[in-house]
Amino acid sequence: MADTGNNDAFVAFERVQKSYDGETLVVKDLNLTLPKGEFLTMLGPSGSGKTTCLMMLAGFETATHGEIKLDGVSINNIPPHKRGIGMVFQNYALFPHMTIAENLSFPLEVRKIGKSDREAKVKRALEMVEMGAFGGRRPSQLSGGQQQRVALARALVFEPELVLMDEPLGALDKQLREKMQFEITHLAHNLGITTVYVTHDQTEALTMSDRVAVFNDGRIQQIAPPDELYESPKNSFVAQFIGENNTLEGRVKEIKNGIAVVQLDNGDLIDAKPVNVEKPGDRTLISIRPERVEFNRDRLKPDAHTLKAEVLEFIYMGDIFRTRLRVAGSDEFIIKTRNAPDQRRLQPGEQIEIGWLPEDCRALDAPQV
Ligand SMILES: Nc1ncnc2c1ncn2[C@@H]1O[C@H](COP(=O)(O)OP(=O)(O)OP(=O)(O)O)[C@@H](O)[C@H]1O
Ligand SMILES: [Mg+2]
């Protein structure tokens with residue numbers, strides 16, 4: 001991923017590597033720049049290196065190789081408390097022996113801010129997260145969600161330009177989580193804060209972020225705005241990690257006029273957009289979103305390749321219908337259709353024909369064996 005050389009970079013990782021044991025690299029050649037005010041999310045499976053990247057940016061870990069810059073200046077040798085970064089970590093607990101107000105006042109005292117100024121800032125930060133009435137309580141007297149909001153206020157109270165959040169909503173129930181997602185993005189955007197957010201919840205990443213960096217095995221697999229990540233995954237890891245996808249394996253038969261004809265392992269032919277396959281003979285994983293599969297023949301080009309499918313299961317989900325099919329040897333092929341007055345409900349046992357526009361189906365790298 002080369003996205004260095006950006007003059008507007010507020011945060012920059014340049015060729016950063018990290019090893020804890022001197023042997024294995026858990027972060028491999030990371031190049032990443034964030035412009036000021038961006039909300040960037042690092043998304044990826046457990047162990048892919050997300051927290052390590054955040055810890056290096058915060059200054060709690062040092063990079064084994066490469067440089068990290070803040071506003072154009074290398075921060076490799078600046079200690080954490082001098083980096084002016086706000087942090088919310090999942091287990092970055094509030095101080096239990098202090099009241100909520102004292103918890104918030106602490107980062108200001110450290111920065112030698114006078115008493116009256118401190119009080120005004122604490123009040124404002126608590127009001128911002130709608131916790132104004134709780135300043136006198138101790139953390140143990142608050143619910144989990146309220147503690148999370150206080151942690152957020154504490155990270156923002158000294159008006160940092162950069163905030164790092166590592167799974168800050170991990171402990172919350174769905175409803176509170178969604179409310180907080182909304183609050184965090186609004187606060188960040190309204191205050192113009194640059195944010196690096198870590199999660200392994202893809203919905204959270206897609207809904208909150210300006211851009212998402214998908215991590216796997218110490219590398220960024222793709223970095224893009226949410227819609228681009230969903231619509232145009234660059235490889236089979238991203239395609240399978242973001243959203244739901246139907247996949248079928250096969251071999252490229254030909255690539256002509258920007259369309260790959262793929263012979264599936266059962267012999268059937270289908271059309272796909274070649275993404276990271278190169279030539280006839282290449283193994284490929286074809287990938288198609290459930291909402292882009294068409295079973296109405298007249299909505300496809302007359303010469304489109306189609307596949308035979310058997311309906312296995314029809315699930316009524318209110319706004320959509322979810323139908324499971326047997327296709328080319330797979331029993332897990334899903335199609336989603338909108339519940340509209342003219343939409344037919346497929347019946348289990350029914351034999352249908354499915355197809356798609358080639359641009360909606362991607363020929364990606366085959367999984368490693
Ligand atoms: N202090 C440490 N000492 C040794 N190895 C570590 C240390 N911290 C993390 N690792 C290893 O580095 C790799 C990356 O870990 P990291 O915590 O960055 O992953 P993560 O993407 O944040 O995962 P999760 O989603 O589970 O939080 C893992 O293999 C982990 O075991
Ligand atoms: Mg982590």
Side-chain angles (χ1 to χ4, degrees), residues 1 11-34 39-68 70 75-76 79-81 83 85-94 144 147-148 151-152 155 162-174 177 180-181 184 188 194-209 211-224 226 229 233-243 368:
M1 251 302 110
V11 176
F13 286 81
E14 294 177 359
R15 313 213 61 136
V16 170
Q17 298 183 346
K18 175 68 180 174
S19 172
Y20 287 102
D21 59 7
E23 271 177 36
T24 356
L25 289 177
V26 299
V27 174
K28 300 166 184 162
D29 198 33
L30 181 78
N31 290 297
L32 171 66
T33 59
L34 275 82
F39 197 111
L40 177 103
T41 297
M42 296 177 169
L43 174 73
S46 183
S48 57
K50 308 180 297 292
T51 296
T52 301
C53 289
L54 223 54
M55 288 302 208
M56 290 190 289
L57 185 51
F60 298 121
E61 291 290 348
T62 48
T64 312
H65 178 90
E67 234 175 346
I68 301 175
L70 199 54
I75 55 171
N76 284 20
H81 64 279
R83 295 187 185 193
I85 300 175
M87 283 171 243
V88 192
F89 291 162
Q90 193 178 350
N91 42 16
Y92 194 68
L94 300 170
Q147 291 181 37
Q148 294 276 6
L152 184 64
L162 174 63
V163 173
L164 312 182
M165 304 194 207
D166 196 349
E167 310 243 4
L169 309 180
L172 307 185
D173 67 43
K174 187 168 177 287
R177 207 181 157 101
M180 290 289 293
Q181 288 171 0
I184 290 173
T194 310
T195 311
V196 185
Y197 191 93
V198 167
T199 182
H200 51 235
D201 179 332
Q202 48 149 311
T203 312
E204 193 162 291
L206 293 180
T207 54
M208 294 179 79
S209 320
R211 281 190 305 163
V212 180
V214 181
F215 275 70
N216 189 36
D217 195 21
R219 283 187 201 282
I220 295 181
Q221 303 292 316
Q222 185 168 2
I223 177 163
L229 213 54
K234 272 175 57 178
N235 59 36
S236 57
F237 178 83
V238 177
Q240 293 187 84
F241 197 75
I242 307 285
Q368 306 294 320

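In this text, all values refer to a predicted model and were calculated from it rather than measured experimentally. We count ligands from 1, going down the list as the structure has it; atoms in each ligand are counted the same way. Reckoned from all heavy atoms, side chains included, excluding hydrogens, waters and symmetry mates.
- Looking from atom 29 (O) of ligand 1 to the surrounding protein, the closest heavy atom is Gly47 O, 4.1 Å.
- Heavy atoms only, all atoms of each residue included: Gly49 and Val27 are closest at O-CG2, 4.1 Å.
- For atom 18 (O) of ligand 1, the nearest protein heavy atom (residue, atom name, distance) is Thr52 OG1, 2.5 Å.
- Shortest contact from atom 22 (O) of ligand 1 to any protein heavy atom: Thr51 OG1, 2.7 Å.
- Salt-bridge check for Asp217 with Lys28: passed, with a basic side-chain N closer than 4.0 Å to an acidic carboxylate O.
- Note that atom 31 (O) of ligand 1 has no protein non-hydrogen atoms nearby, at separations under 4.0 angstrom.
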Q: Evaluate the side-chain contact (heavy atoms from CB on, under 4.5 Å) criterion for residues Met165 and Leu152: first the C-alpha distance (whole Å), next the side-chain angles of each, then the deciding distance (0.1 Å), finally the verdict.
A: CA-CA 9 Å; Met165 304 194 207; Leu152 184 64; 3.8 Å; yes

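- Contacts of Val26 with ligand 1, taken as heavy-atom pairs under 4.0 Å, involve the side chain alone.
- In this pair, Phe89 and Phe60 present their aromatic rings perpendicular. The plane angle is above 60°, beyond the 30 to 60° band.
- For atom 25 (O) of ligand 1, the nearest non-hydrogen atom of the protein is Lys50 NZ, 2.7 Å.
- Using a 4.0 Å cutoff on heavy atoms, Gly44 does not count as a contact of ligand 1.
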Q: Kindly indicate, with the supporting measurements, whether the criterion side-chain contact (heavy atoms from CB on, under 4.5 Å) is fulfilled by Lys234 and Gln221.
A: CA-CA 8 Å; Lys234 272 175 57 178; Gln221 303 292 316; over 6 Å; no

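- Closest of all the heavy-atom pairs between Leu32 and Met42 is CD2-CE, 3.9 Å.
- Between Arg177 and Glu204 there is a salt bridge, since a side-chain N of the basic residue sits under 4.0 Å from a carboxylate O of the acidic one.
- Proximity of atom 13 (C) of ligand 1 to the protein is indicated by at least one non-hydrogen atom lying closer than 4.0 angstrom.
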Q: Tell me, with the steps shown, if Leu40 and Val11 meet side-chain contact (heavy atoms from CB on, under 4.5 Å).
A: CA-CA 11 Å; Leu40 177 103; Val11 176; over 6 Å; no

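- Contact annotation: for His200 versus ligand 1, heavy atoms closer than 4.0 Å belong to the side chain alone.
- In this structure, the protein non-hydrogen atom closest to atom 26 (O) of ligand 1 is Ser46 OG, 2.6 Å.
- The protein atom (non-hydrogen) at minimum distance from atom 10 (N) of ligand 1 is Tyr20 CE1, 3.3 Å.
- Within the 2.8 Å limit, Thr52 places no N, O or S atom next to the Mg ion (ligand 2).
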